[in-house]
Each structure stands twice: as C-alpha cells, then as structure tokens.
Amino acid sequence: MKKPIITTVALLLVLALSSCSGSGTESPAAETTVTTTAAAAVTEAITEEMKNETEEVSEIPSITEDFTGGETVGVKRGSAVLSVVDDAAARNGRALFIEGRKESWNGADYKAELFRGNEIEVKGSFRSANKAVRVSIQFNVRGNTTYNMVFAVNTNDSSYTSGSGKYTIPASAERIIVYIESDELKDIYCDSFSVNVCGDYTYYEEAAEALFANTSDYPSLRDTYADLFRIGMAVSPTVLAKPEYAELIKAQCSSVTLENNMKPDAMLDYGTSISDPDKYQEAPAMKFSHLNYELGFARDNGMTVRGHTLVWHSQTPEWLFYKDYNKNGELADRELMLKRMENYIKGMMEWTTENYPGLISAWDVVNEAAADEGGMRKSLWYQTIGEDYIQKAFEYARKYAPEGVKLFYNDYNSYQKQKQEDILSFLKPVAEAGNMDGMGMQSHIGTYMGVNEYMLALKRYAEELGVEIHVTELDIGADRSDDWEDKQGKYFSRFMKKLISLRKDGVPITSLTLWGVSDSLSWKASDRPLVFRDDLSRKPAFDAMINAVSATDGE
Ligand code: XIL
C-alpha cells in the first residue's frame with residue numbers, strides 16, 4: 001500500500017508523542033509516489049524532515065521483551081540466574097526464567113539510564129509459585145540510593161498475570177535500574193516486559209547535577225551569628241563527601257555533630273570484646289578509625305565538634321550490658337557496669353584528646369534519660385546501675401574531660417511540663433556536684449508548638465541548673481498546607497528572634513545545631529523540617545534565620 005509521505009510523518013509524530021507508546025521506534029516506510037518537480041522539492045524537504053524526525057524518534061528509549069528471539073537484555077541481579085526457556089503457558093511460548101534467587105532483591109535488572117527525567121510506564125507479565133512479583137526501580141540521587149516499587153502483581157504458578165505502573169524518574173537520577181524481584185525466593189517466569197516513555201521524551205545526557213542551587217552567595221549563618229552563638233549541623237560521611245554539601249557546611253557552620261558515627265553502636269567493637277571476655281570484661285573494646293574523616297573535616301575547616309553521645313539507651317548494643325558480653329547469660333551487675341561506663345567514657349575522651357586536641361567543645365554525656373510517661377527511663381543503664389547512673393556518668397566525664405570541654409545533658413520534648421520537672425530533679429545533684437556545664441534542648445519540634453512554652457523552659461534550665469544552653473538538634477516540621485514553606489519560615493522567624501532576645505538578655509545560649517543539611521537528608525524527611533531544600537536552594541526558614549539577627553538589633 002502506498003501512503004502519502006506527509007501522513008507517514010504525521011503518523012510518526014503521533015507515535016512518538018503518544019502517551020506511553022511502545023511503538024515509537026518503528027522505522028517509517030521510505031516510499032513516495034509524488035512525481036512533479038515542485039512536488040519533488042516539497043518531497044525532498046519533507047523527506048529531510050522525516051529523517052530528522054526519524055532520528056529523534058529512534059532515540060526515544062524503549063525496552064520491549066517478548067523473549068521470542070531466545071534472548072534478553074535483562075541481566076542477573078544478585079545471585080539470580082537468567083535464561084530464556086520454552087514455556088507452554090507463555091503467550092508466545094517463550095519466557096525469561098529467573099532462578100537461583102537467594103534474597104528477595106535478586107532477580108532481573110534492566111538498565112534504564114536513558115529514561116532519566118521522564119515519566120515511564122512499565123508493564124510485565126509473570127508466573128511464579130511466589131505469592132507476588134514486584135517490579136521496582138533503583139537509582140542514585142546525589143550519592144543516595146533510592147529503591148521504589150513501580151507495581152506488584154499477585155502471581156500463581158500455572159498461568160501468567162500482568163500488571164503495569166508508572167513512575168517519574170528525577171532528572172538528577174543516575175545508575176537507573178528497573179528490576180524484577182519478589183519477597184519469596186522461588187523461581188519467576190516472565191513472558192513479556194516493557195519500559196516506555198509516557199508523553200514527550202526529554203533526553204538528559206547526564207544526571208542533572210546542575211539541579212544543585214549555587215549556594216556560594218548565600219549569607220553565612222556562622223558569620224551572621226558570630227557574636228551570638230555557634231551554628232552547627234548534623235553531618236555524615238556521605239554528606240561530607242559530596243562537594244556541594246561540604247561547601248555549604250563550610251560556609252554556614254562553625255560546629256558540627258556526627259549524626260550517628262560517635263554513638264556507642266558505632267564505637268564499640270563486639271568481635272574483639274567477645275574474643276577474650278576476661279580481658280575486656282571491664283573495658284569493652286572500641287574502634288576509632290571511622291571517626292577520622294568527619295573529625296578531620298571539622299578540624300581542617302576550623303570548626304568545633306559536639307561529641308554525641310556517651311550514655312544513651314538507644315544505638316547502644318545490648319551485649320554491652322551482659323556479663324561476658326553474652327546476651328544469653330546474666331545482666332552485668334552495678335559494679336561491673338560502672339567500670340564499663342567509666343572505661344568507655346575514658347576511651348572516648350582520651351582518643352579524641354590525643355588525636356584531635358581542642359576539637360571537641362562539648363559532650364552529650366547523658367542522652368534522653370527522662371521517660372515519656374514520666375520519671376526516669378528504665379533503660380539498661382538504669383536497670384544495671386540504678387538511679388544514680390546519670391550522676392556517675394557526669395562524674396567520670398568530668399574526671400577525663402580536658403579543661404574547658406563542656407559537659408551536657410541532652411533530651412527531646414524537654415520543654416514539656418512533666419519532663420521539665422523530671423529532668424531538673426535528676427540533674428540538680430549533678431549540677432550541684434559541679435559536674436555539668438550545659439543543657440541540650442534537642443528541639444525536634446513542629447510549627448504547631450508554642451514558642452513561648454519552649455523559651456520559658458529553656459530559661460528555666462539555665463537559671464535553675466546554672467548552666468549554658470545548646471539547641472542541639474533543631475528541626476521544625478512543617479504542616480501539610482499549600483503555603484507550608486512560608487508558614488514554616490514565619491515560625492523559624494519567631495523562634496529565632498525569641499532565642500536571640502533571650503541571649504541578649506543574658507541567657508547563656510552558646511550553640512544552635514540544625515539536625516541535618518537539607519530536607520530529604522533529615523531523619524524526619526517527610527516533615528521537611530530544615531532550612532534548605534533538596535537542591536540546596538534556601539527556604540524561607542533560612543532567610544528567617546538570617547534576618548532574625550538584624551531584626552533584633554538594638555534589643
Ligand atoms: C537520629 C539520627 O538522625 C538518625 O539517622 C538515626 O537513625 C537515629 O538517630 N535524638 C538524638 C539523635 O539524640 O542522636 C537522633 O538522631 C535523633 C533523636
């Protein structure tokens with residue numbers, strides 16, 4: 001059949017632009033019946049255009065597998081083994097056979113780099129003795145790997161079930177893989193699989209790194225607050241390894257806290273401790289080398305570090321509390337746990353002082369000792385040592401801390417009435433003994449919270465304990481309204497102005513740390529609680545922090 005070429009071009013365009021079309025890569029029939037000269041010129045022009053269109057069209061990526069050719073572009077994921085086999089139940093008599101799966105994520109990988117920045121539709125048809133088969137997508141954004149489900153189908157072993165799902169891949173994604181997996185480990189058959197672009201295709205040659213905002217001309221929190229208090233952020237090695245984050249942190253911070261790496265579960269060495277329980281009975285073995293990267297960064301960039309944290313119920317291995325470090329045996333007694341506590345604190349202080357003299361400005365000696373339901377938390381520290389474990393921890397910390405290093409208690413919701421009473425009652429003896437220097441208000445709060453209630457509590461701690469205040473882990477969760485960013489910015493403004501006023505009134509607030517860098521890096525990412533967006537563009541909250549200083553000038 002002879003078709004006018006113009007129709008072919010139009011048809012091609014339709015194919016190329018149609019929603020989630022899988023046929024956009026087909027070649028056009030290069031034929032024409034037009035014979036007149038004028039028409040020939042037009043034809044030539046159109047043919048040229050058609051070539052261009054064709055080139056464009058053929059660049060639209062598409063994965064279409066029916067396995068009839070006996071091959072697959074899929075590659076094994078994990079320990080899975082892939083082959084194309086005859087299968088009477090399959091639509092075309094052939095299927096991809098995925099066997100040898102040892103973990104749920106084992107299966108078949110389809111590289112999908114060219115789909116970056118586009119919405120895709122993935123379709124697949126599967127049979128398996130597993131209850132369900134899942135198609136997922138994996139990619140990296142700024143060094144963090146994300147895994148998401150695209151769709152899942154309930155499967156049975158005898159006949160094929162198909163499913164499909166759409167997914168929009170960020171333009172900043174790299175190492176993009178669409179893959180077949182299943183929670184159970186039995187074999188999977190697939191008789192068709194496709195990935196296609198929905199709507200117009202945009203080609204991104206590489207991950208849109210440029211999506212990072214240029215942060216170099218931002219005003220600096222560190223400089224703006226220089227006469228008031230230190231500004232810090234919680235950091236991790238992956239964050240510091242990314243130049244965009246590292247530059248921002250250097251420009252904005254005079255202090256950092258290691259978000260996880262200095263916690264007991266990162267420091268204690270189970271293998272060595274258990275290898276010779278007698279030798280390590282009173283002084284559990286510790287490992288330190290993982291601290292060098294972050295502490296080196298802080299030192300080389302003229303920052304101080306808040307040591308976080310020594311005695312805590314969480315992120316502290318349970319084996320630490322057992323005789324011989326054997327969780328199946330008995331809990332260690334008070335005397336033994338006091339020894340272990342002292343040696344642990346001593347180990348932390350000695351190593352950091354020797355290797356990074358002057359770097360650690362403050363330690364969170366005890367973290368979160370107050371129970372949400374009132375009283376002291378019945379942690380394993382409490383159970384093994386007793387009520388005075390807090391006093392003991394501070395006593396040891398004072399004994400080994402170098403001159404001038406400040407010793408802090410740190411807690412969340414410490415503005416709440418009941419917690420105020422509890423915290424004050426167990427900290428008073430510590431303060432009276434001269435063993436503490438500061439109260440850390442973690443400050444994981446939200447815009448629903450009363451700023452005054454918080455500030456009154458803060459002032460009370462400073463007055464009644466006679467100590468400094470650090471805001472140690474600030475994040476302020478936003479609500480779900482459309483104008484959440486502005487509302488959050490206004491809240492930050494009220495919060496910071498009040499804090500600065502208190503500081504100017506003589507309340508010894510000496511440091512404020514934001515618990516993370518950008519919203520998606522926050523431990524509470526879904527609350528978008530920080531002052532930078534994911535691309536490091538500044539949120540109203542950042543400007544609020546900067547502007548609060550001049551707004552309170554003259555106070
Ligand atoms: C959080 C970290 O941000 C997370 O990455 C980790 O998974 C859990 O701990 N109180 C504290 C911090 O003192 O150490 C906690 O940090 C948040 C609550």
Side-chain angles (χ1 to χ4, degrees), residues 142-146 232-242 245 249 253 255-268 290-291 293-295 298 305-318 320 344-345 348 360-372 376-377 379-381 390 393-394 397 406-416 419 422-423 427 436 438-446 449 454 457 461 469-477 511-532 534:
R142 303 181 187 111
N144 295 322
T145 310
T146 300
M233 283 183 193
V235 299
S236 67
T238 28
V239 162
L240 295 186
K242 195 91 186 156
Y245 295 131
I249 292 162
C253 297
S255 165
V256 287
T257 305
L258 277 49
E259 185 171 3
N260 286 302
N261 260 344
M262 260 192 165
K263 293 174 176 173
D265 62 357
M267 303 304 310
L268 287 163
H290 64 285
L291 297 178
Y293 183 61
E294 287 162 283
L295 297 187
V305 172
R306 295 197 78 265
H308 177 75
T309 177
L310 298 171
V311 175
W312 191 20
H313 70 280
S314 178
Q315 290 180 272
T316 302
E318 223 184 311
L320 178 68
Y344 180 75
I345 292 174
M348 290 300 288
I360 313 266
S361 58
W363 283 99
D364 288 330
V365 178
V366 175
N367 199 27
E368 302 180 351
D372 293 327
M376 284 178 72
R377 187 187 296 276
S379 67
L380 283 165
W381 286 115
I390 302 178
F394 277 95
K406 305 285 172 79
L407 305 180
F408 274 71
Y409 175 78
N410 190 46
D411 214 333
Y412 63 91
N413 292 357
S414 46
Y415 54 85
Q416 283 175 356
K419 277 214 177 173
D422 293 336
I423 291 172
L427 287 185
M436 74 177 287
M439 170 70 193
M441 311 268 293
Q442 287 188 8
S443 314
H444 301 292
I445 57 179
M449 238 203 69
Y454 175 99
Y461 287 119
I469 304 290
H470 284 182
V471 177
T472 52
E473 304 180 13
L474 182 66
D475 47 27
I476 304 181
S511 166
L512 178 145
T513 299
L514 291 159
W515 203 243
V517 180
S518 64
D519 279 346
S520 69
L521 296 175
S522 160
W523 75 310
K524 295 196 162 180
S526 59
D527 294 340
R528 298 160 294 184
L530 295 170
V531 302
F532 296 110
D534 297 350

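Counting convention: from 1, in listed order, for ligands and their atoms alike.
At the shortest separation from atom 8 (C) of ligand 1 among protein heavy atoms lies Q315 OE1, 3.3 Å. Among all non-hydrogen protein atoms, the one lying nearest atom 1 (C) of ligand 1 is K263 NZ, 3.6 Å.
The side chain of W312, and not its backbone, has at least one atom closer than 4.0 Å to an atom of ligand 1 (non-hydrogen atoms only; side chain from C-beta on). Proximity of N367 to ligand 1, defined as any heavy-atom pair under 4.0 Å, is confined to the side chain (atoms from C-beta onward). Within the 4.0 Å heavy-atom criterion, the part of N260 lying near ligand 1 is the side chain and not the backbone.
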*asked:* Does W523 form a side-chain hydrogen bond (donor to acceptor under 3.5 Å, both in side chains) with D475? I'd like the steps, not just the answer.
replied: CA-CA 10 Å; W523 75 310; D475 47 27; 3.0 Å; yes

*Passes side-chain hydrogen bond (donor to acceptor under 3.5 Å, both in side chains), N410 versus E473? Steps please.*
CA-CA 10 Å; N410 190 46; E473 304 180 13; 3.1 Å; yes

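For the 3.5 Å distance criterion, the side chains of Q442 and N367 qualify, holding a donor opposite an acceptor. Of the N and O atoms on the side chains of Y454 and S443, at least one donor lies less than 3.5 Å from an acceptor on the other residue.
Annotation: K406, atom NZ; neighbour count of heavy atoms from other residues, nucleotides and ligands within 6.0 Å does not exceed 12.
The CG atom of D265 sits 6.5 Å away from atom OG1 of T316, with the distance rounded to the nearest 0.5 Å.
Heavy-atom proximity to E368, at under 4.0 Å, picks out these atoms of ligand 1: 10 (N), 11 (C), 13 (O), 18 (C). Close contacts of ligand 1 with E473, meaning ligand atoms under 4.0 Å from a residue heavy atom, involve 10 (N), 11 (C), 12 (C), 13 (O), 17 (C), 18 (C). Listed by atom number, the atoms of ligand 1 under 4.0 Å from Q442 heavy atoms are 10 (N), 11 (C), 13 (O), 18 (C). The H444 neighbourhood of ligand 1 comprises atoms 17 (C), 18 (C), with distances under 4.0 Å to a heavy atom of that residue.
Among K524, E259, H308, the residue whose heavy atom sits closest to atom 14 (O) of ligand 1 is H308.
Screening D519, L514, V517 for a side-chain contact (heavy atoms from CB on, under 4.5 Å) involving V531 leaves a single residue, L514.
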